[in-house]
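Reading through the structure tokens given below for one structure.
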Amino acid sequence: MRWSQLLIPTLKETPAEAEILSHKLLLRAGLVRKLTGGLYTFLPLGLRVLQKIQNIIREEMNRAGAQEVLMPALQPTDIWERSGRYETASDVLFKVKDRGDKQWVLGPTHEEVITTLVAGEINSYRQMPKNFYQIQTKFRDEIRPRFGLMRAKEFIMKDAYSFDVSDDAASESYERMYAAYGRIFRRCGLLAFPVEADTGVIGGKFSHEFVVPAETGEDEMVYCETGAYAANIEKAVSSGPVTPTPKESTGGSPEKFATPGVTTIDALAGEPYGVPASCQIKTLVYSLEGRLILVLLRGDDQLNEAKLAGHLGTTLFRPATADEIVAVLGARPGSLGAVVGVSGNSGVRLILADEVLRGAKGMTTGANEDGCHLRHVEIDRDIAGIEWVDLRTVKEGELCVASGKALKIRRAIEVGHVFKLGTKYSEALDAKFLDENGKSKPCVMGCYGIGVTRTLQAVIEQGNDGFGVIWPITVAPFQICITALDVDPAGEPMRLAEACYKELTDLGYEVILDDRAERPGFKFKDSELIGIPLRLAIGEKSLKDGMVEIKPRGGEMEKISKDAAVKRLVELAGEMRRALEG
RNA sequence: CGGAGCGUAGCUCAGCUUGGUAGAGCGCCAGCUUUGGGAGCUGGAUGCCGCAGGUUCGAAUCCUGUCGCUCCGACCA
């Protein structure tokens with residue numbers, strides 16, 4: 001294609017709206033334009049990249065035995081009510097009404113729709129396994145869209161759903177998708193890693209996120225440099241805190257002492273009290289269905305809410321308000337504890353304590369009386385009715401359970417997620433089949449997502465330099481840019497450029513011919529900004545000696561005879577492709 | 001939803017404190033020059049100063065409201 005005819009609105013200056021590098025480049029390279037917050041138009045260049053990524057996904061999904069379908073984005077509410085997610089996912093659901101005042105939802109994902117389809121079409125074990133996928137626009141009512149395509153109200157996702165006759169068979173489907181995901185991201189030129197992920201209220205071990213390490217990511221991953229372990233922080237475990245929990249008795253019974261104005265762990269750790277955070281019991285209070293749940297953690301630990309949700313089997317809990325807490329416990333946040341007035345208190349549903357506190361002695365905690373704390377607390381002796389759970393958030397430097405080495409934490413962008421769902425949706429939406437014994441069973445499901453638009457931005461986040469984007473050749477909008485330095489149609493440079501353009505295009509390459517009547521520097525800068533992997537520059541100067549110039553994006557320029565140029569470009573393109581696709 | 005910041009030319013931004021005819025650079029258009037790394041000169045076009053009220057003789061500027069955008073936060077007591 002001719003550059004002069006395409007809409008490629010590159011920007012020399014950085015738009016004020018962009019904060020992170022990939023977002024800036026998305027705009028500067030003329031890939032997208034914002035309609036409004038969280039909604040973007042893909043321009044010709046951006047769309048080309050998007051389609052490249054989609055095609056890689058298609059090829060790998062098909063290769064893995066999945067088949068493509070396309071489901072409605074607009075969905076009736078009743079299937080969401082049947083799955084229970086009209087409630088539990090309510091805050092991200094875009095809800096719309098039609099003229100008859102009937103409520104609909106814009107799909108944030110499609111478990112309900114695909115399961116409804118399968119319920120009607122699949123009745124026998126002979127019809128499985130099946131795996132359906134689609135590439136489609138999803139809608140999520142994000143609290144705060146940000147970072148361009150990273151978190152948007154509307155985004156393109158590849159979602160796949162597997163249906164199997166048994167748990168074992170479902171595990172095989174899961175493994176197939178897991179392997180396919182590795183290939184997809186590799187082919188996109190992305191360094192993406194599988195990490196163990198939170199399985200939420202469904203539970204189980206089969207959930208991995210594919211993440212791209214990046215400072216701008218919204219997720220945190222915990223990993224061991226030996227490669228023995230990697231997990232999302234919501235899921236991660238370690239062999240425990242670096243400072244041990246005290247296990248020595250310090251007194252015969254809990255002793256109340258005055259701590260006026262002290263409402264934080266830090267304040268109690270400071271003068272004049274000097275109680276190390278690791279010797280404090282932090283008491284958090286959550287509300288679930290009108291009653292309170294006490295969550296006990298060591299003072300220096302942070303609650304991992306995902307773990308709490310996993311243990312409770314629901315996400316319908318929230319931090320209790322100060323009023324609720326005072327009504328039930330008699331004290332305000334900051335002076336709370338589980339020792340006094342908690343056991344047998346009908347307003348308290350449950351006391352959960354983090355495993356790290358097992359056997360803790362000589363601890364200090366709130367006295368359930370404003371301005372007072374208790375010391376010499378021994379958790380086994382002084383707090384009744386505890387349920388022990390792993391609830392803490394792992395910290396950097398703690399030891400890996402697999403290798404014993406110190407764990408590291410990095411931020412990362414989640415680009416894909418594979419998840420073994422079990423029978424939650426098939427049971428709720430009646431996707432059942434008859435097995436070989438004529439017995440009715442729910443299908444065992446898995447779901448597998450890739451954020452396509454986010455993946456595009458992740459590729460930019462990972463591939464760029466001071467000049468602009470560096471596209472992997474597999475997803476580049478064009479593989480080759482021919483920069484004609486003199487665009488007079490009758491002149492030799494342009495005639496040669498046209499000839500090379502035709503030859504390369506005939507060979508199946510996607511070539512952009514920069515035929516704009518601009519100065520060379522301007523055109524070089526532009527081709528670098530939009531990140532085309534290979535550039536062929538044709539100008540009078542070197543042409544006098546029969547030479548042209550080839551420059552791989554981010555590599556060294558080489559002068560080459562004009563007759564050898566096409567062959568060399570094909571060679572280089574092949575090398576680049578093989579490096580990614582093997 | 002809470003907090004903060006910002007809305008002025010296509011883009012980046014100044015002007016606002018202290019009210020008095022709307023500004024710069026880049027981009028765009030025309031011409032000349034230039035022609036291998038975002039050129040130079042000359043001339044030109046471009047604004048509901050986000051929107052709506054209010055104060056005032058007079059508002060981009062002050063006040064109120066509203067809409068939009070960006071950032072931080074929204075369990076960690």
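Labels below follow one simple rule: chain letters A, B, ... track the order of the sequence lines, proteins then strands, and each chain is numbered from 1.
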[X] side chain, from C-beta outward: closest of [options]:
X: Lys34(A); options: rC69(B), rA77(B), rG38(B); answer: rC69(B)
X: Arg28(A); options: rG38(B), rA77(B), rG73(B); answer: rG38(B)
X: Lys12(A); options: rG27(B), rA77(B), rU70(B); answer: rG27(B)
X: Tyr286(A); options: rG27(B), rG37(B), rC75(B); answer: rC75(B)
X: Glu528(A); options: rA77(B), rG37(B), rC72(B); answer: rG37(B)

Expressed as a whole number of angstroms, how long is the span from [X]:[atom1] to [N]:[atom2]?
X: Leu39(A); N: rC69(B); atom1: CG; atom2: C1'; value: 13 Å
X: Lys541(A); N: rU35(B); atom1: NZ; atom2: C1'; value: 9 Å
X: Lys544(A); N: rU35(B); atom1: NZ; atom2: C1'; value: 12 Å
X: Leu27(A); N: rU70(B); atom1: CG; atom2: P; value: 11 Å
X: Glu142(A); N: rC71(B); atom1: CD; atom2: P; value: 13 Å

[atom1]-based separation of [M] from [N] [nearest Å]:
N: rU35(B); M: rG25(B); atom1: C1'; value: 24 Å
N: rC11(B); M: rC49(B); atom1: P; value: 15 Å
N: rG50(B); M: rG5(B); atom1: C1'; value: 16 Å
N: rG2(B); M: rA39(B); atom1: P; value: 48 Å
N: rG23(B); M: rA45(B); atom1: P; value: 13 Å
N: rC26(B); M: rA14(B); atom1: C1'; value: 14 Å

Are [X] and [Y] ion-paired here, with the side-chain N under 4.0 Å from a carboxylate O?
X: Arg535(A); Y: Glu528(A); value: yes
X: Arg553(A); Y: Asp465(A); value: yes
X: Glu19(A); Y: Lys24(A); value: no
X: Arg349(A); Y: Glu289(A); value: yes
X: Glu218(A); Y: Arg146(A); value: yes

On a plain distance test, is the side chain of Arg146(A) in donor-acceptor contact with the base of rG73(B) below 3.5 Å? no
Are OP1 or OP2 of rC69(B) and a side-chain N or O of Thr36(A) less than 4.0 angstrom apart? yes
What is the nucleic acid contact for [X], judged by heavy atoms within less than 4.0 Å: base, sugar-phosphate only, or nothing?
X: Asp486(A); answer: nothing
X: Arg535(A); answer: base
X: Pro333(A); answer: base

Paired with [N]: which nucleotide, if any, by Watson-Crick or G-U wobble criteria at under 3.5 Å for both distances?
N: rG2(B); value: rC72(B)
N: rG7(B); value: rC67(B)
N: rA60(B); value: none
N: rU18(B); value: none
N: rU42(B); value: rA30(B)
N: rC13(B); value: rG23(B)
N: rC49(B); value: none

Taking only N/O atoms, report every protein-nucleotides 3-11 of chain B pair under 3.5 Å with atom names and distance.
from	atom 1	to	atom 2	distance (Å)
rC11(B)	O2	Glu13(A)	OE1	3.3

Counting only heavy atoms not in Arg332(A), do more than 12 fall under 6.0 Å of its CZ? no
Glu87(A) atom CD, neighbour heavy-atom count above 12 within 6.0 Å: no
Which label fits Phe139(A) and Phe94(A): parallel for a plane angle under 30°, tilted from 30 to 60°, or perpendicular past 60°?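 The rings of Phe139(A) and Phe94(A) stand perpendicular, inter-plane angle above 60°.
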How many angstroms lie between atom SG of Cys279(A) and atom NZ of Lys361(A), to the nearest 0.5 angstrom?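 Taking SG in Cys279(A) and NZ in Lys361(A), the distance rounds to 14.5 Å.
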At what distance, to the nearest 0.5 angstrom, does CD1 of Ile413(A) lie from CE of Met221(A)? 12.0 Å
Can you give me the N/O atom pairs linking the protein to nucleotides 31-34 of chain B at distances under 3.5 Å, or say none if there are none?
from	atom 1	to	atom 2	distance (Å)
rU34(B)	O2	Arg519(A)	NH1	2.8

RNA chain B: 5'-proximal contact among Arg144(A) and Ser542(A) (nearest heavy atom):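 Counting from the 5' end, the first nearest nucleotide belongs to Ser542(A).
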Can you list the steps and then say if Thr364(A) with Val377(A) is a side chain to side chain contact (heavy atoms under 4.5 Å, CB included)? CA-CA 6 Å; Thr364(A) 299; Val377(A) 171; over 6 Å; no
